[in-house]
Amino acid sequence: MAKMNFGGVEETVVTRSEFPLEKARGILKDEVIAVLGYGVQGPGQSLNLRDNGFNVIVGQRKGSASWDRAVSDGWVPGETLFEIEEACSKGTVIEYLLSDAGQIAAWPTVKKHLTAGKALYFSHGFGITYNDRTGIVPPADVDVIMVAPKGSGTSLRRLFLEGKGVNSSFAVYQDATGRAYDRCIALGIGVGSGYLFETDFKREVYSDLTGERGTLMGAIQGIFAAQYQVLRENGHTPSEAFNETVEELSQSLMPLISEKGMDWMYANCSTTAQRGALDWWTRFRDATLPVFKELYESVKSGHEAQVAIDSNSRPDYRTRLNAELEEMHGSEMWRTGEVVRKLRPEED
């Protein structure tokens, strides 16, 4: 564990060089890691752990599409793939990777198998932070830890297979055994994290919910839709509007930002683009800052958590979700995007 300076602020980080995979394997050599859920994070984390040489089993509801997906990924029913309760009974580390609503529903089953000395692992601070709403209060004699990859499970797996890694935050909420930190970091290395930075459960969920509703998903879709609409209303064709709104950003500029930062990307664009971006970015900041402040307060108060719990617990949740996603997919902007993607040249 080392201290690193980020923009003048010192933070705690753990890298693969100081906590190598062999050390992680040694710490977890006697553990059975039960990964509950095979939806968003479950596949990437369990497969990476398996490929890295850890003793991993998967717990998933039999007869579900996720169960079938697990079988297709090589998990063997009765050997490495079990119903959730049986996986809980076998696991010494329980990775609780069900959806937030799924965690609430399964908690009575999981809790009775959290015997002394086990570890309860999360990849999201939701269930613990909002435990007055979720009812998830772990026993005092188990470790409660978190590793939260800053990317989707799909990205975690893809980058792992490329020999890279998604950066992850980590936190120890409860250290009952004196081994919680070592277990946490070992699991973070095992799932394929690029490096790990320290947080706590509350900060993780506050930043995560803000980011998802903000620049990562909600705000970016809103900005895309607004610019696309303005261009179309002023006579630009769908392909031109899409290319100037989405395609150039995702295919050309974001890789430059990822490589060396926004200032470097500005420096490598035309002088006309530089001047315009420098003149306008503060106006967009000032226009959206009140919205982000409102969003953060909504997260902090627990309102966003309650909306998610209420919505995701509805029996018709999936039907409603699919209808909303279909509406977005059917919009002119994203139908245009579908055509544009097909026109991209094939990679060699």
From [atom1] ([X]) to [atom2] ([Y]), nearest 0.5 Å:
X: Ile84; Y: Leu98; atom1: CD1; atom2: CG; answer: 5.0 Å
X: Asp175; Y: Arg183; atom1: CG; atom2: CZ; answer: 9.5 Å
X: Thr245; Y: His236; atom1: OG1; atom2: NE2; answer: 9.5 Å
X: Phe197; Y: Thr15; atom1: CZ; atom2: OG1; answer: 14.5 Å
X: Glu22; Y: Lys29; atom1: CD; atom2: NZ; answer: 13.0 Å
X: Glu86; Y: Thr109; atom1: CD; atom2: OG1; answer: 13.5 Å

Please tell me if the side chains of [X] and [Y] come closer than 4.5 Å, counting only heavy atoms from C-beta onward.
X: Phe122; Y: Ile145; answer: no
X: Lys90; Y: Phe82; answer: yes
X: Tyr228; Y: Glu244; answer: no
X: Val205; Y: His124; answer: yes
X: Ser123; Y: Tyr96; answer: no
X: Trp67; Y: Pro77; answer: yes
X: Trp334; Y: Met328; answer: yes
X: Ser239; Y: Val339; answer: no

Within the supplied structure, the quantity of interest is the number of heavy atoms (other residues, nucleotides, ligands) at a distance under 6.0 Å from Glu233 CD; does it exceed 12?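 Yes, CD of Glu233 has more than 12 neighbouring heavy atoms, counting only those of other groups under 6.0 Å.
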Does a sphere of radius 6.0 Å around CZ in Arg283 hold more than 12 heavy atoms from other residues, nucleotides or ligands, not counting ones at 6.0 Å or beyond?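 It does not: Arg283 CZ has 12 such atoms or fewer within range.
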Checking side-chain contact (heavy atoms from CB on, under 4.5 Å) against Pro149, which of Asn167, Leu159, Val166 comes through?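 Among the candidates, only Val166 passes.
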Is it true that the side chains of [X] and [Y] contain a donor and an acceptor less than 3.5 Å apart?
X: Thr210; Y: Ser207; value: no
X: Thr199; Y: Glu204; value: no
X: Gln45; Y: Tyr121; value: yes
X: Arg25; Y: Asn52; value: no
X: Lys150; Y: Ser168; value: no
X: Asp73; Y: Tyr38; value: yes

Testing the basics here: between [X] and [Y], what is the closest heavy-atom pair and its distance to 0.1 Å?
X: Asn48; Y: Val191; answer: ND2-O, 2.9 Å
X: Val172; Y: Ala180; answer: CG1-CB, 3.8 Å
X: Ile136; Y: Asn131; answer: O-CB, 3.2 Å
X: Met146; Y: Cys184; answer: O-SG, 3.3 Å
X: Arg61; Y: Glu83; answer: CA-OE1, 3.7 Å
X: His329; Y: Arg335; answer: O-CG, 3.4 Å

Given side chain to side chain contact (heavy atoms under 4.5 Å, CB included), test Val56 with Val35 step by step and report yes or no. CA-CA 7 Å; Val56 189; Val35 177; 3.9 Å; yes
Going by side-chain hydrogen bond (donor to acceptor under 3.5 Å, both in side chains), name the pairs with one or both residues in residues 313-323, residues two or more places apart or in two chains.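 Output for this query lists Arg314-Asp316, Asp316-Arg320.
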Go through the steps for Trp264 and Glu259 under the test side chain to side chain contact (heavy atoms under 4.5 Å, CB included), then give the verdict. CA-CA 9 Å; Trp264 188 81; Glu259 186 177 350; 3.9 Å; yes
Does a salt bridge link [X] with [Y], judged by any charged N lying under 4.0 Å from a carboxylate O?
X: Glu304; Y: Arg213; answer: yes
X: Glu247; Y: Arg341; answer: no
X: Asp182; Y: Arg179; answer: no

If we ignore hydrogens and angles and just use 3.5 Å, is the side chain of [X] paired with the main-chain N or O of [Y] as donor and acceptor?
X: Thr129; Y: Gly125; value: yes
X: Gln174; Y: Val142; value: yes
X: Arg50; Y: Ile57; value: no
X: Lys118; Y: Cys88; value: yes
X: Gln274; Y: Cys269; value: yes
X: Ser298; Y: Glu294; value: no
X: Thr288; Y: Val291; value: no

Against the six-membered ring of [Y], is [X] placed for a cation-pi contact (under 6.0 Å from the centre, within 45° of the normal)?
X: Lys300; Y: Tyr206; value: no
X: Arg285; Y: Trp281; value: yes
X: Lys23; Y: Phe19; value: yes
X: Arg69; Y: Trp75; value: no

Salt bridge (Lys or Arg N to Asp or Glu O under 4.0 Å) involving Lys164 - partner list, sequence neighbours excluded: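 Once residues adjacent in sequence are excluded, the partners of Lys164 under the salt bridge (Lys or Arg N to Asp or Glu O under 4.0 Å) criterion are Glu162.
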Spell out, yes or no, whether [X] and [Y] are grouped together once hydrophobic residues are joined by side-chain heavy atoms under 4.5 Å, including indirect joins.
X: Val299; Y: Ile128; result: no
X: Leu21; Y: Leu28; result: yes
X: Tyr181; Y: Leu196; result: yes

Does the side chain to side chain contact (heavy atoms under 4.5 Å, CB included) test come out yes or no for Val147 and Ser193, once each step is laid out? CA-CA 9 Å; Val147 174; Ser193 302; 4.1 Å; yes
Residues Val13, Glu198; criterion side chain to side chain contact (heavy atoms under 4.5 Å, CB included); working and verdict: CA-CA 6 Å; Val13 300; Glu198 191 172 26; over 6 Å; no
Walk me through it: do Arg157 and Asp51 pass the test salt bridge (Lys or Arg N to Asp or Glu O under 4.0 Å)? CA-CA 11 Å; Arg157 181 62 176 167; Asp51 288 355; 2.9 Å; yes
Of all residues at least two apart in sequence or in a different chain, which pass the ring pair (Phe, Tyr, Trp, His ring centres under 6.0 Å) check with Tyr130?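 Scan of Tyr130 (ring pair (Phe, Tyr, Trp, His ring centres under 6.0 Å), adjacent residues dropped) gives Phe126.
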